[in-house]
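For reference, the structure discussed in these notes is given below.
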Amino acid sequence: MAKTSPKAPIFDGSNIPDQVEGVVDATYDWVQVYWLKVLIAIGAGAVIVLALLWVRRLGDRLCRKPGFAGGWGVILGHAIARTNLFFIVTLAAQLVSGYAGAPGEVAKTISFLFTVASVFQAAIWARELILGTIEHRTRSEHYSGEALLSAMGLIRLLVTVVLFAIALVVVLDNLGVNVTGLVAGLGVGGIAIGLAAQGIFGDLFAALAIIFDRPFRRGDKIAYDNTTGIIEAIGLKSTRIRAFTGELRIISNRNLLDKEIQNQTVRQHVRISLMIGVAYETPPETLARLPQLLTEIVEGEGGKVARAGFESFGASSLDFALQFDVPGDDWATAHDTRNRVLVSLMKRFAAEGISIPYPTQTTYTAAPDGTLVMPYPQVQPVEVHRAD
(Lines give C-alpha, C1' and ligand atoms only; values in the text may rest on other atoms or scores of the structure.)
Protein backbone atom coordinates (compact mmCIF):
# COMPACT_ATOMS: atom_id res chain seq x y z
CA MET A 1 0.00 0.00 0.00
CA ALA A 2 1.47 3.34 -1.06
CA LYS A 3 2.11 5.92 1.62
CA THR A 4 0.78 9.41 1.11
CA SER A 5 3.32 12.15 1.35
CA PRO A 6 2.87 14.67 4.14
CA LYS A 7 1.15 17.92 3.26
CA ALA A 8 3.51 20.78 2.54
CA PRO A 9 3.21 23.46 5.22
CA ILE A 10 2.25 26.98 4.33
CA PHE A 11 5.10 28.30 6.38
CA ASP A 12 8.37 26.49 7.05
CA GLY A 13 9.72 27.31 10.48
CA SER A 14 13.32 26.37 9.67
CA ASN A 15 15.96 29.00 8.74
CA ILE A 16 13.71 31.91 9.61
CA PRO A 17 16.42 34.63 9.26
CA ASP A 18 17.29 33.45 5.76
CA GLN A 19 13.62 33.30 4.81
CA VAL A 20 13.01 36.83 6.11
CA GLU A 21 15.97 38.10 4.11
CA GLY A 22 14.65 36.29 1.03
CA VAL A 23 11.19 37.82 1.42
CA VAL A 24 12.66 41.31 1.77
CA ASP A 25 14.85 40.92 -1.32
CA ALA A 26 11.99 39.47 -3.36
CA THR A 27 9.70 42.29 -2.31
CA TYR A 28 12.27 44.94 -3.25
CA ASP A 29 12.81 43.44 -6.71
CA TRP A 30 9.06 43.00 -7.20
CA VAL A 31 8.28 46.64 -6.34
CA GLN A 32 10.96 47.91 -8.70
CA VAL A 33 9.63 45.92 -11.64
CA TYR A 34 5.85 45.98 -11.02
CA TRP A 35 5.55 49.31 -9.20
CA LEU A 36 2.43 50.36 -11.15
CA LYS A 37 0.56 47.12 -10.41
CA VAL A 38 1.68 47.38 -6.80
CA LEU A 39 0.24 50.89 -6.49
CA ILE A 40 -3.03 49.78 -8.11
CA ALA A 41 -3.17 46.77 -5.77
CA ILE A 42 -2.52 48.99 -2.75
CA GLY A 43 -5.34 51.30 -3.85
CA ALA A 44 -7.71 48.39 -4.39
CA GLY A 45 -6.69 46.92 -1.04
CA ALA A 46 -7.37 50.25 0.65
CA VAL A 47 -10.85 50.35 -0.88
CA ILE A 48 -11.51 46.80 0.35
CA VAL A 49 -10.29 47.70 3.85
CA LEU A 50 -12.52 50.81 3.96
CA ALA A 51 -15.51 48.78 2.77
CA LEU A 52 -14.96 46.13 5.43
CA LEU A 53 -14.52 48.80 8.11
CA TRP A 54 -17.87 50.28 7.00
CA VAL A 55 -19.45 46.84 7.37
CA ARG A 56 -17.97 46.60 10.87
CA ARG A 57 -19.49 49.98 11.74
CA LEU A 58 -22.80 48.66 10.41
CA GLY A 59 -22.49 45.84 12.93
CA ASP A 60 -22.10 48.43 15.71
CA ARG A 61 -25.32 50.09 14.56
CA LEU A 62 -27.17 46.77 14.60
CA CYS A 63 -26.09 46.28 18.22
CA ARG A 64 -27.98 49.46 19.12
CA LYS A 65 -31.25 48.20 17.57
CA PRO A 66 -32.56 45.51 19.95
CA GLY A 67 -35.89 45.26 18.15
CA PHE A 68 -34.40 44.53 14.72
CA ALA A 69 -35.28 41.04 13.38
CA GLY A 70 -36.71 39.99 16.72
CA GLY A 71 -33.41 40.59 18.52
CA TRP A 72 -31.38 38.34 16.23
CA GLY A 73 -29.95 41.41 14.50
CA VAL A 74 -28.10 42.27 17.71
CA ILE A 75 -26.43 38.85 17.69
CA LEU A 76 -25.33 39.29 14.08
CA GLY A 77 -24.22 42.85 14.83
CA HIS A 78 -22.02 41.71 17.73
CA ALA A 79 -20.36 39.11 15.52
CA ILE A 80 -19.68 41.62 12.73
CA ALA A 81 -18.41 44.23 15.19
CA ARG A 82 -15.84 41.75 16.51
CA THR A 83 -14.15 41.52 13.10
CA ASN A 84 -10.43 42.04 13.68
CA LEU A 85 -8.49 44.72 11.78
CA PHE A 86 -5.66 42.25 11.17
CA PHE A 87 -8.09 39.91 9.44
CA ILE A 88 -9.44 42.78 7.31
CA VAL A 89 -5.95 43.79 6.17
CA THR A 90 -4.80 40.25 5.41
CA LEU A 91 -8.05 39.54 3.54
CA ALA A 92 -7.52 42.60 1.35
CA ALA A 93 -3.88 41.61 0.75
CA GLN A 94 -4.93 38.07 -0.20
CA LEU A 95 -7.49 39.39 -2.67
CA VAL A 96 -5.11 41.77 -4.51
CA SER A 97 -1.86 39.79 -4.32
CA GLY A 98 -2.72 37.77 -7.41
CA TYR A 99 -3.34 40.85 -9.54
CA ALA A 100 -0.09 42.47 -8.48
CA GLY A 101 1.89 39.38 -9.49
CA ALA A 102 3.49 38.94 -6.08
CA PRO A 103 6.53 36.66 -6.03
CA GLY A 104 6.29 33.23 -4.43
CA GLU A 105 7.87 34.24 -1.12
CA VAL A 106 5.54 37.24 -0.69
CA ALA A 107 2.42 35.35 -1.81
CA LYS A 108 3.28 32.49 0.54
CA THR A 109 3.76 34.90 3.46
CA ILE A 110 0.45 36.66 2.74
CA SER A 111 -1.31 33.29 2.47
CA PHE A 112 0.15 32.18 5.81
CA LEU A 113 -0.88 35.38 7.60
CA PHE A 114 -4.35 35.22 6.05
CA THR A 115 -4.76 31.59 7.17
CA VAL A 116 -3.86 32.45 10.78
CA ALA A 117 -6.11 35.52 10.79
CA SER A 118 -9.07 33.76 9.17
CA VAL A 119 -8.93 30.72 11.49
CA PHE A 120 -8.95 32.81 14.66
CA GLN A 121 -11.50 35.22 13.17
CA ALA A 122 -13.81 32.27 12.44
CA ALA A 123 -13.42 31.16 16.07
CA ILE A 124 -14.36 34.67 17.24
CA TRP A 125 -17.43 34.80 15.00
CA ALA A 126 -18.54 31.33 16.10
CA ARG A 127 -18.12 32.28 19.76
CA GLU A 128 -20.14 35.47 19.36
CA LEU A 129 -22.94 33.68 17.50
CA ILE A 130 -23.17 30.82 20.02
CA LEU A 131 -23.00 33.03 23.11
CA GLY A 132 -25.30 35.59 21.52
CA THR A 133 -27.91 32.93 20.82
CA ILE A 134 -27.77 31.62 24.39
CA GLU A 135 -27.93 35.14 25.87
CA HIS A 136 -30.82 36.02 23.57
CA ARG A 137 -32.76 33.07 24.95
CA THR A 138 -31.91 33.70 28.59
CA ARG A 139 -32.62 37.43 28.36
CA SER A 140 -36.06 36.98 26.82
CA GLU A 141 -39.11 37.91 28.83
CA HIS A 142 -39.47 34.35 30.07
CA TYR A 143 -35.96 34.02 31.52
CA SER A 144 -35.00 37.55 32.53
CA GLY A 145 -33.40 37.75 35.95
CA GLU A 146 -33.04 34.01 36.46
CA ALA A 147 -30.08 32.37 38.13
CA LEU A 148 -29.17 30.81 34.79
CA LEU A 149 -27.87 34.18 33.60
CA SER A 150 -25.11 33.95 36.22
CA ALA A 151 -23.92 30.75 34.53
CA MET A 152 -23.04 32.61 31.35
CA GLY A 153 -19.50 33.12 32.64
CA LEU A 154 -18.91 29.37 32.76
CA ILE A 155 -20.63 28.81 29.42
CA ARG A 156 -18.56 31.60 27.84
CA LEU A 157 -15.34 30.06 29.19
CA LEU A 158 -16.19 26.57 27.90
CA VAL A 159 -17.17 27.81 24.44
CA THR A 160 -14.06 30.02 24.18
CA VAL A 161 -11.67 27.26 25.23
CA VAL A 162 -13.15 24.72 22.83
CA LEU A 163 -13.26 27.03 19.80
CA PHE A 164 -9.79 28.51 20.25
CA ALA A 165 -8.32 25.07 20.94
CA ILE A 166 -9.69 23.93 17.57
CA ALA A 167 -8.33 27.11 15.92
CA LEU A 168 -4.89 26.55 17.45
CA VAL A 169 -4.78 22.96 16.18
CA VAL A 170 -5.72 24.11 12.67
CA VAL A 171 -3.00 26.80 12.66
CA LEU A 172 -0.33 24.44 13.97
CA ASP A 173 -1.33 21.89 11.34
CA ASN A 174 -0.84 24.50 8.61
CA LEU A 175 2.57 25.33 10.07
CA GLY A 176 3.59 21.73 9.47
CA VAL A 177 3.51 20.71 13.14
CA ASN A 178 2.47 17.13 13.85
CA VAL A 179 -0.71 17.72 15.88
CA THR A 180 -1.66 14.05 16.29
CA GLY A 181 -0.23 13.87 19.80
CA LEU A 182 -1.76 17.23 20.71
CA VAL A 183 -5.20 16.18 19.51
CA ALA A 184 -4.91 12.87 21.38
CA GLY A 185 -3.85 14.70 24.55
CA LEU A 186 -6.71 17.14 24.28
CA GLY A 187 -9.11 14.26 23.72
CA VAL A 188 -7.89 12.33 26.76
CA GLY A 189 -7.94 15.46 28.88
CA GLY A 190 -11.45 16.30 27.72
CA ILE A 191 -12.66 12.80 28.56
CA ALA A 192 -11.09 12.97 32.02
CA ILE A 193 -12.68 16.34 32.74
CA GLY A 194 -16.02 15.15 31.36
CA LEU A 195 -16.01 12.05 33.57
CA ALA A 196 -15.02 14.04 36.64
CA ALA A 197 -17.73 16.65 36.13
CA GLN A 198 -20.35 14.64 34.26
CA GLY A 199 -23.04 15.54 36.80
CA ILE A 200 -22.42 19.27 36.45
CA PHE A 201 -22.22 19.10 32.65
CA GLY A 202 -25.34 16.93 32.53
CA ASP A 203 -27.33 19.50 34.49
CA LEU A 204 -25.79 22.34 32.45
CA PHE A 205 -26.82 20.77 29.15
CA ALA A 206 -30.24 20.02 30.63
CA ALA A 207 -30.57 23.72 31.51
CA LEU A 208 -29.67 24.64 27.93
CA ALA A 209 -32.23 22.10 26.70
CA ILE A 210 -34.87 23.82 28.83
CA ILE A 211 -33.94 27.15 27.21
CA PHE A 212 -34.08 25.95 23.61
CA ASP A 213 -36.74 23.24 23.78
CA ARG A 214 -38.89 25.20 26.27
CA PRO A 215 -40.91 22.39 27.90
CA PHE A 216 -41.78 24.96 30.56
CA ARG A 217 -40.92 28.50 31.61
CA ARG A 218 -40.73 30.44 34.82
CA GLY A 219 -44.22 30.97 36.20
CA ASP A 220 -45.68 27.88 34.51
CA LYS A 221 -47.77 25.42 36.49
CA ILE A 222 -46.38 21.91 36.00
CA ALA A 223 -47.03 18.45 37.41
CA TYR A 224 -44.65 15.48 37.56
CA ASP A 225 -44.84 12.32 39.64
CA ASN A 226 -46.87 13.38 42.70
CA THR A 227 -45.75 17.02 42.64
CA THR A 228 -47.74 19.96 41.29
CA GLY A 229 -46.47 23.52 41.56
CA ILE A 230 -45.24 26.70 39.90
CA ILE A 231 -41.75 27.15 38.41
CA GLU A 232 -39.95 29.83 40.45
CA ALA A 233 -36.42 29.63 39.03
CA ILE A 234 -34.38 27.67 36.49
CA GLY A 235 -30.77 27.53 37.57
CA LEU A 236 -27.51 26.13 36.24
CA LYS A 237 -27.90 22.84 38.12
CA SER A 238 -31.45 22.70 39.48
CA THR A 239 -34.99 24.00 39.07
CA ARG A 240 -37.01 25.36 41.98
CA ILE A 241 -40.72 24.58 42.12
CA ARG A 242 -43.17 26.11 44.59
CA ALA A 243 -45.59 23.29 45.35
CA PHE A 244 -49.28 24.06 45.82
CA THR A 245 -48.91 22.71 49.36
CA GLY A 246 -46.52 25.59 50.11
CA GLU A 247 -43.05 24.05 50.26
CA LEU A 248 -40.23 24.83 47.83
CA ARG A 249 -39.08 21.72 46.00
CA ILE A 250 -35.67 21.57 44.30
CA ILE A 251 -34.85 19.01 41.62
CA SER A 252 -31.84 18.73 39.32
CA ASN A 253 -32.47 19.72 35.71
CA ARG A 254 -31.38 16.34 34.38
CA ASN A 255 -33.69 14.39 36.68
CA LEU A 256 -36.58 16.73 35.93
CA LEU A 257 -36.28 16.30 32.15
CA ASP A 258 -36.15 12.52 32.57
CA LYS A 259 -39.72 12.61 33.94
CA GLU A 260 -43.04 13.01 32.18
CA ILE A 261 -43.94 16.67 32.77
CA GLN A 262 -47.47 17.98 32.46
CA ASN A 263 -47.43 21.69 31.67
CA GLN A 264 -50.80 22.89 32.93
CA THR A 265 -50.21 26.51 31.96
CA VAL A 266 -50.53 25.89 28.22
CA ARG A 267 -53.73 23.88 28.42
CA GLN A 268 -56.74 25.47 26.78
CA HIS A 269 -59.34 24.34 29.30
CA VAL A 270 -59.88 22.56 32.60
CA ARG A 271 -62.08 19.47 32.43
CA ILE A 272 -64.46 18.67 35.31
CA SER A 273 -65.86 15.13 35.67
CA LEU A 274 -68.91 14.31 37.80
CA MET A 275 -70.99 11.19 38.39
CA ILE A 276 -74.64 11.98 39.20
CA GLY A 277 -77.06 9.35 40.44
CA VAL A 278 -80.86 9.56 40.30
CA ALA A 279 -83.43 7.30 41.91
CA TYR A 280 -84.58 4.13 40.19
CA GLU A 281 -88.13 5.41 40.56
CA THR A 282 -87.43 8.26 38.14
CA PRO A 283 -89.82 8.06 35.16
CA PRO A 284 -88.25 6.97 31.84
CA GLU A 285 -89.40 10.20 30.19
CA THR A 286 -87.42 12.20 32.73
CA LEU A 287 -84.37 9.96 32.28
CA ALA A 288 -84.52 10.56 28.51
CA ARG A 289 -84.36 14.32 28.82
CA LEU A 290 -81.81 14.34 31.69
CA PRO A 291 -78.74 14.76 29.38
CA GLN A 292 -80.28 17.88 27.82
CA LEU A 293 -81.16 19.19 31.26
CA LEU A 294 -77.55 18.71 32.45
CA THR A 295 -76.27 20.48 29.33
CA GLU A 296 -78.53 23.48 29.98
CA ILE A 297 -77.28 23.72 33.58
CA VAL A 298 -73.60 23.65 32.58
CA GLU A 299 -73.94 26.12 29.69
CA GLY A 300 -75.90 28.45 31.95
CA GLU A 301 -72.82 28.70 34.21
CA GLY A 302 -70.31 29.29 31.37
CA GLY A 303 -69.06 25.74 30.84
CA LYS A 304 -68.96 23.60 27.71
CA VAL A 305 -70.30 20.06 27.92
CA ALA A 306 -68.02 17.33 26.58
CA ARG A 307 -70.24 14.42 27.60
CA ALA A 308 -73.57 14.01 29.37
CA GLY A 309 -75.31 10.63 29.29
CA PHE A 310 -76.47 7.47 31.00
CA GLU A 311 -73.42 5.66 32.42
CA SER A 312 -74.48 2.59 34.42
CA PHE A 313 -76.90 0.94 36.81
CA GLY A 314 -75.55 1.68 40.25
CA ALA A 315 -76.16 -0.16 43.50
CA SER A 316 -78.80 2.33 44.61
CA SER A 317 -79.09 4.78 41.70
CA LEU A 318 -79.07 5.24 37.95
CA ASP A 319 -75.70 6.89 37.27
CA PHE A 320 -75.24 9.67 34.68
CA ALA A 321 -71.74 10.85 33.65
CA LEU A 322 -71.20 14.59 33.23
CA GLN A 323 -67.96 16.03 31.83
CA PHE A 324 -67.61 19.70 30.98
CA ASP A 325 -64.77 22.11 30.17
CA VAL A 326 -64.04 25.51 31.66
CA PRO A 327 -62.00 27.77 29.30
CA GLY A 328 -58.53 28.81 30.47
CA ASP A 329 -55.93 27.18 32.71
CA ASP A 330 -56.94 28.66 36.07
CA TRP A 331 -58.09 25.93 38.42
CA ALA A 332 -59.57 28.46 40.85
CA THR A 333 -61.94 29.68 38.14
CA ALA A 334 -62.78 26.10 37.15
CA HIS A 335 -63.46 25.17 40.78
CA ASP A 336 -65.77 28.13 41.22
CA THR A 337 -67.65 27.15 38.03
CA ARG A 338 -67.94 23.59 39.33
CA ASN A 339 -69.49 24.86 42.57
CA ARG A 340 -72.05 26.93 40.69
CA VAL A 341 -72.96 24.01 38.43
CA LEU A 342 -73.57 21.72 41.43
CA VAL A 343 -75.76 24.28 43.20
CA SER A 344 -77.74 24.95 40.01
CA LEU A 345 -78.11 21.20 39.51
CA MET A 346 -79.60 20.76 42.99
CA LYS A 347 -82.04 23.62 42.40
CA ARG A 348 -83.13 22.29 39.01
CA PHE A 349 -83.55 18.74 40.28
CA ALA A 350 -85.67 19.99 43.14
CA ALA A 351 -87.86 21.96 40.74
CA GLU A 352 -88.19 18.94 38.41
CA GLY A 353 -88.89 16.53 41.25
CA ILE A 354 -85.81 14.43 40.49
CA SER A 355 -84.49 12.58 43.51
CA ILE A 356 -80.80 11.94 44.19
CA PRO A 357 -80.80 8.91 46.48
CA TYR A 358 -78.27 8.11 49.11
CA PRO A 359 -77.08 4.52 49.61
CA THR A 360 -79.57 2.53 51.71
CA GLN A 361 -79.61 -1.09 52.79
CA THR A 362 -82.21 -3.19 54.61
CA THR A 363 -81.14 -6.35 56.45
CA TYR A 364 -83.55 -9.23 57.02
CA THR A 365 -82.93 -12.02 59.53
CA ALA A 366 -84.68 -15.32 59.91
CA ALA A 367 -85.87 -17.35 62.90
CA PRO A 368 -84.81 -20.99 63.39
CA ASP A 369 -87.96 -22.15 61.71
CA GLY A 370 -87.21 -20.06 58.64
CA THR A 371 -89.72 -17.31 59.19
CA LEU A 372 -88.46 -13.79 58.63
CA VAL A 373 -87.83 -11.59 61.63
CA MET A 374 -88.97 -8.16 60.53
CA PRO A 375 -86.68 -5.22 61.40
CA TYR A 376 -89.62 -3.26 62.74
CA PRO A 377 -92.32 -4.08 65.36
CA GLN A 378 -95.24 -6.03 64.03
CA VAL A 379 -98.69 -4.77 64.96
CA GLN A 380 -101.25 -7.44 65.58
CA PRO A 381 -104.54 -6.85 63.78
CA VAL A 382 -107.35 -5.75 66.05
CA GLU A 383 -110.42 -7.93 65.97
CA VAL A 384 -113.69 -6.02 65.73
CA HIS A 385 -116.75 -7.73 67.04
CA ARG A 386 -119.98 -6.64 65.47
CA ALA A 387 -123.04 -6.73 67.72
CA ASP A 388 -126.02 -8.40 66.30
Side-chain angles (χ1 to χ4, degrees), residues 70-71 130-159 162 190-275 303-304 306-307 321 323-338:
I130 294 173
L131 296 179
T133 301
I134 297 175
E135 290 178 354
H136 175 71
R137 294 282 187 172
T138 55
R139 288 176 180 174
S140 65
E141 58 179 352
H142 304 290
Y143 293 93
S144 179
E146 291 190 15
L148 187 60
L149 291 177
S150 62
M152 285 306 301
L154 176 59
I155 298 174
R156 184 177 291 105
L157 176 62
L158 292 175
V159 172
V162 171
I191 293 174
I193 295 175
L195 291 176
Q198 58 181 340
I200 296 176
F201 287 129
D203 290 325
L204 174 61
F205 292 141
L208 295 178
I210 292 173
I211 293 176
F212 290 101
D213 193 41
R214 295 189 176 184
F216 53 81
R217 304 169 183 174
R218 188 178 63 174
D220 284 359
K221 294 188 288 290
I222 70 167
Y224 68 92
D225 291 344
N226 296 322
T227 298
T228 303
I230 300 176
I231 300 293
E232 284 199 352
I234 303 172
L236 171 65
K237 181 173 177 57
S238 62
T239 296
R240 289 163 174 78
I241 304 170
R242 180 68 63 180
F244 288 158
T245 51
E247 68 273 12
L248 181 65
R249 300 194 174 186
I250 302 172
I251 182 173
S252 67
N253 294 325
R254 182 176 53 179
N255 290 337
L256 182 59
L257 290 184
D258 287 339
K259 301 180 181 297
E260 180 183 3
I261 301 173
Q262 300 177 13
N263 193 330
Q264 300 177 354
T265 299
V266 297
R267 62 184 177 185
Q268 299 176 348
H269 60 264
V270 178
R271 174 157 294 185
I272 306 295
S273 297
L274 299 172
M275 191 66 68
K304 182 179 180 181
R307 180 170 180 262
Q323 295 179 346
F324 63 92
D325 301 330
V326 180
D329 65 330
D330 186 14
W331 170 248
T333 302
H335 188 76
D336 185 57
T337 303
R338 175 180 179 273

Output the distance between atom [atom1] ([X]) and atom [atom2] ([Y]), rounded to the nearest 0.5 Å.
X: R271; Y: F324; atom1: CZ; atom2: CZ; value: 11.0 Å
X: I251; Y: S238; atom1: CD1; atom2: OG; value: 9.5 Å
X: D325; Y: T337; atom1: CG; atom2: OG1; value: 11.5 Å
X: Q323; Y: K304; atom1: CD; atom2: NZ; value: 14.0 Å
X: Q262; Y: D225; atom1: CD; atom2: CG; value: 10.0 Å
X: I230; Y: L248; atom1: CD1; atom2: CG; value: 12.0 Å

Please report the shortest heavy-atom distance between [X] and [Y], naming the atom on each side.
X: R249; Y: E247; answer: NH2-OE2, 2.8 Å
X: P215; Y: N263; answer: O-ND2, 3.0 Å
X: R307; Y: A321; answer: NH1-CB, 3.0 Å

[X] side chain near [Y] side chain, heavy-atom distance below 4.5 Å:
X: I241; Y: I222; result: yes
X: H335; Y: V270; result: no
X: I234; Y: F216; result: yes

If the threshold is 4.0 Å, N to carboxylate O, is there a salt bridge linking E232 and R240?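 Answer for the salt bridge query: no.
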
Between D220 (side chain only) and I231 (backbone N and O only), is there a donor and an acceptor less than 3.5 Å apart?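 No; judged by distance alone, with no hydrogens or angles, the pair does not exist.
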
Is a side-chain N or O of T265 found less than 3.5 angstrom from the main chain of K221, in a donor-acceptor match?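 Looks like yes, one N/O pair under 3.5 Å.
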
Report the C-alpha separation of L274 and R338 in whole Å, then their side-chain angles, then the decisive distance to 0.1 Å, and conclude whether the side-chain contact (heavy atoms from CB on, under 4.5 Å) test is met. CA-CA 9 Å; L274 299 172; R338 175 180 179 273; 3.9 Å; yes

Does Q268, at its CD atom, have more than 12 non-hydrogen atoms belonging to other residues, nucleotides or ligands within less than 6.0 Å?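 Open.
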
